[in-house]
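Note that ligands are numbered from 1 as they come in the structure, with each ligand's atoms numbered from 1 the same way.
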Amino acid sequence: MLVSAKEMLQKAKAGHYAVGQFNINNLEWTKAILLTAQENNSPVILGVSEGAGKYMTGYKTVVGMVNGMMEELNITVPVALHLDHGSYDACLKCVEAGFSSIMYDGSHSPIEENVANTKKLVEICAEHGMSLEAEVGSIGGEEDGVVGMGECADPQECKRIADLGIDFLAAGIGNIHGKYPANWKGLSFETLDAIQQLTGDMPLVLHGGTGIPTDMIKKAISLGVAKINVNTECQLSFAAATREYIEAGKDQQGKGYDPRKLLAPGFEAIKKTVKEKMEIFGSIDKA
Ligand code: 13P
């Protein structure tokens, strides 16, 4: 059964480790992440962006697939199904569809609007036993070929949003989605420290987990990060393994074109990446 991410992240914050949010795109991704979590006795959060939700034909399909898979694969570790960077409307759709957790991303709106919408969602999530993530300070990334540097959140605004009754908070600390550019200045630990001092026990979320060096990840965890989002890195591993298979001509040998064979190296590559991240985050055997 899917669970809210509240308890697993409170435990992680208190125990000084982080739980990974790995974004899913299809059946192979979901199966690889669920099996890796079970094999390593780790809690896990399956992230679904609005785009990935659409790709998988809608949130109800996602809920059906994940619930079915958890039952058929006997997954017993805590699993949360979480909307990633949702608009207000997408949040309502995921509540309706049976997600166990949502992220409302009001970081692009004026702070008053972010506060008002977050407040409404706090009540809705409480009614449904779901967890809620909110965001302050937008997270950079590539848009139309231009890589924006991650913004640093205002710690006072973080406190304001944290005090609304959300369960965990994403705050920009110079992190960005996708690959980091060569001239990236690294995470702002000064900002993270100031945010943690004002928000106390609130588990903090680090987006853009792909490509952040291990020492920075560990330092971020020591300063209150309890959830780390990884998406691009699984895509890169999947693509590299699939390319290797095709370039070696394996799809043309025997029944190598069978999707169950063609997608197997990419599936194994995702499992390896997820396990490596769980080791770094410290979530193994924390189920
Ligand atoms: P990456 O794609 O950089 O790993 O970021 C994932 C993320 O933060 C999803 O919200």
Side-chain angles (χ1 to χ4, degrees), residues 5 9 18-26 29-30 32-33 36 44-56 59 62 80-87 90-91 94 99 101-108 131-143 145-153 166-182 184-188 192 203-214 216-217 220-221 225-240 269-270 272-278 280-281 283:
L9 294 181
V19 177
Q21 172 192 306
F22 301 97
N23 286 46
I24 59 171
N25 292 288
N26 62 11
W29 248 258
T30 313
I33 296 162
T36 310
V44 78
I45 299 168
L46 302 177
V48 179
S49 66
E50 287 193 40
K54 260 190 212 137
Y55 176 77
M56 290 184 273
Y59 301 121
V62 179
L81 179 59
H82 180 75
L83 172 67
D84 190 28
H85 293 284
S87 63
C91 285
C94 287
F99 274 52
S101 187
I102 52 178
M103 172 190 192
Y104 167 60
D105 182 353
S107 67
H108 300 284
S131 47
L132 175 64
E133 173 177 348
E135 177 172 332
V136 180
S138 81
I139 291 150
E142 192 180 317
E143 246 173 357
V146 180
V147 179
M149 288 298 172
E151 185 181 292
C152 280
I166 61 165
D167 299 296
F168 31 103
L169 176 74
I173 55 166
N175 43 328
I176 62 175
H177 291 126
K179 291 185 187 172
Y180 285 86
W184 180 51
K185 293 188 188 67
L187 298 175
S188 169
L192 180 58
L204 301 175
V205 184
L206 182 62
H207 281 248
T210 297
I212 300 180
T214 302
M216 283 194 205
I217 295 276
I221 294 173
V225 164
K227 171 176 181 277
I228 303 177
N229 293 6
V230 177
N231 182 20
T232 307
E233 205 153 327
C234 290
Q235 300 184 358
L236 292 169
S237 316
F238 178 86
I270 296 172
K272 186 164 172 273
T273 298
V274 170
K275 183 176 179 182
E276 281 166 12
K277 295 294 163 192
M278 287 176 167
I280 296 170
F281 300 167
S283 70

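Near Thr232, meaning under 4.0 Å from any of its heavy atoms, are these atoms of ligand 1: 1 (P), 2 (O), 3 (O), 4 (O). The atoms of ligand 1 that sit less than 4.0 Å from any heavy atom of Val230 are 4 (O). Using a 4.0 Å cut-off to heavy atoms of Gly178, the atoms of ligand 1 that qualify are 1 (P), 2 (O), 3 (O). Listed by number with element, the atoms of ligand 1 under 4.0 Å from a non-hydrogen atom of His207 are 8 (O), 10 (O). Close contacts between ligand 1 and Thr210 involve ligand atoms 1 (P), 2 (O), 3 (O), 4 (O) [criterion: under 4.0 Å to a heavy atom].
For atom 8 (O) of ligand 1, the nearest protein heavy atom (residue, atom name, distance) is Gly208 N, 2.7 Å.
The CD1 atom of Ile33 lies 7.0 Å from the CD1 atom of Ile24; values are rounded to the nearest 0.5 Å. Atom NZ of Lys277 sits about 6.5 Å away from atom OG1 of Thr210, to the nearest 0.5 Å.
By the criterion of a heavy-atom distance under 4.0 Å, both the backbone and the side chain of Asn229 are placed next to ligand 1. Using a 4.0 Å cut-off between heavy atoms, His85 contacts ligand 1 through its side chain alone, with no backbone atom that close.
Asn175 and His207 form no side-chain donor-acceptor contact under 3.5 Å, judged by distance and modelled atom types alone.
Between Lys54 and Glu50, no side-chain nitrogen of the basic residue sits less than 4.0 Å from a carboxylate oxygen of the acidic one, so the salt-bridge criterion is not met.
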Stepwise side chain to side chain contact (heavy atoms under 4.5 Å, CB included) test for Met103 and Asp84
CA-CA 5 Å; Met103 172 190 192; Asp84 190 28; 3.9 Å; yes

Test log, rule ring-ring contact (aromatic ring centres under 6.0 Å, His included), inputs Trp29 and Phe238:
CA-CA 9 Å; Trp29 248 258; Phe238 178 86; 4.7 Å; yes

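Residue His177 places a heavy atom under 4.0 Å from ligand 1. Residue Gly47 places no heavy atom under 4.0 Å from ligand 1.
Panel note: side chain Tyr59, backbone Val48; no donor-acceptor pair is recorded below 3.5 Å.
For the pair Lys179/Leu236, a side-chain contact is recorded, criterion being any heavy-atom separation below 4.5 Å from C-beta on.
Checked against a 3.5 angstrom limit, the closest N/O atoms of Asp84 and ligand 1 fall inside it.
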